[in-house]
K.L.:
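There's a structure below that I have some questions on.
Note that the structure is a prediction, hence the values are computed from the model and not measured.
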Amino acid sequence: MMRRGCQVVLFNEPQGPLRDNIDEAQQDAIRLKLGRYDEDGCFYLDAGVDLVWNVIQAQAAA
């Protein structure tokens with residue numbers, strides 16, 4: 001089974017760990033001061049920042 005994780009990247013450079021869901025990745029962006037919620041509750045990322053989904057490489061069972 002292939003797993004995917006969401007990660008904060010700044011100009012294509014990873015800024016945080018791969019997360020299982022977008023909510024955790026958004027919290028990473030907020031902690032890194034690269035994203036925020038506005039007064040209406042909409043989430044925004046700073047310029048040059050993206051939330052990218054990547055395949056999580058799992059080790060094969062022995």
K.L.:
Using 0.5 Å steps for rounding, measure from the CG atom of N21 to the CD atom of Q27.
P.N.:
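Rounded to the nearest 0.5 Å, the CG-CD separation comes to 10.0 Å.
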K.L.:
Are any non-hydrogen side-chain atoms of V49 and Q15 less than 4.5 angstrom apart?
P.N.:
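The answer is no, as the side chains (C-beta and beyond) never meet within the 4.5 Å cut-off.
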K.L.:
Would you name the heavy atoms of A47 and L10 that are closest together and state the gap between them?
P.N.:
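What the structure gives for the nearest pair is O-CD1, 4.3 Å.
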K.L.:
Just distance, no hydrogens or angles: give the donor-acceptor pairs under 3.5 Å from side chains in residues 34-43, sequence neighbours left out.
P.N.:
{"from": "R36", "atom 1": "NH1", "to": "D46", "atom 2": "OD1", "distance (Å)": "2.5"}
{"from": "R36", "atom 1": "NH2", "to": "D46", "atom 2": "OD1", "distance (Å)": "3.4"}
{"from": "Y37", "atom 1": "OH", "to": "Q26", "atom 2": "OE1", "distance (Å)": "3.1"}
{"from": "D38", "atom 1": "OD1", "to": "D40", "atom 2": "N", "distance (Å)": "2.9"}
{"from": "D38", "atom 1": "OD1", "to": "G41", "atom 2": "N", "distance (Å)": "3.0"}
{"from": "D38", "atom 1": "OD1", "to": "C42", "atom 2": "N", "distance (Å)": "2.9"}

K.L.:
Under 4.5 Å between side-chain heavy atoms, hopping through other hydrophobics if needed: is there a path connecting L51 to Y44?
P.N.:
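Each belongs to a different hydrophobic cluster.
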K.L.:
Name all residues meeting the side chain to side chain contact (heavy atoms under 4.5 Å, CB included) criterion together with P14; count only those two or more places apart in sequence or in a different chain, and write none if there are none.
P.N.:
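For P14 the side chain to side chain contact (heavy atoms under 4.5 Å, CB included) partners, ignoring immediate neighbours, are Q7.
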K.L.:
Out of curiosity, L32 CG to L45 CG, how far, rounded to the nearest 0.5 Å?
P.N.:
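Here the interatomic distance stands at 11.0 Å.
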K.L.:
I'd like to check the salt bridge (Lys or Arg N to Asp or Glu O under 4.0 Å) partners of D23; sequence neighbours left out, ordered by chain and number.
P.N.:
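D23 satisfies salt bridge (Lys or Arg N to Asp or Glu O under 4.0 Å) with no other residue.
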K.L.:
Tell me the closest heavy-atom pair linking R31 and R19, and the distance in Å.
P.N.:
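Nearest heavy atoms, R31 then R19: NH2-NH2, 3.8 Å.
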K.L.:
Under 4.5 Å between side-chain heavy atoms, counting indirect links through other Ile/Leu/Val/Met/Phe/Trp/Tyr residues: same cluster for V8 and I22 or not?
P.N.:
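Hydrophobic grouping puts V8 with I22.
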K.L.:
So do the side chains of V52 and C6 get within less than 4.5 Å of each other, counting heavy atoms only?
P.N.:
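Of all side-chain heavy-atom pairs linking C6 with V52, none is under 4.5 Å.
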K.L.:
About how many Å separate CG of D50 and CG of N12, when rounded to the nearest 0.5 Å?
P.N.:
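So the CG of N12 and the CG of D50 are separated by 7.5 Å.
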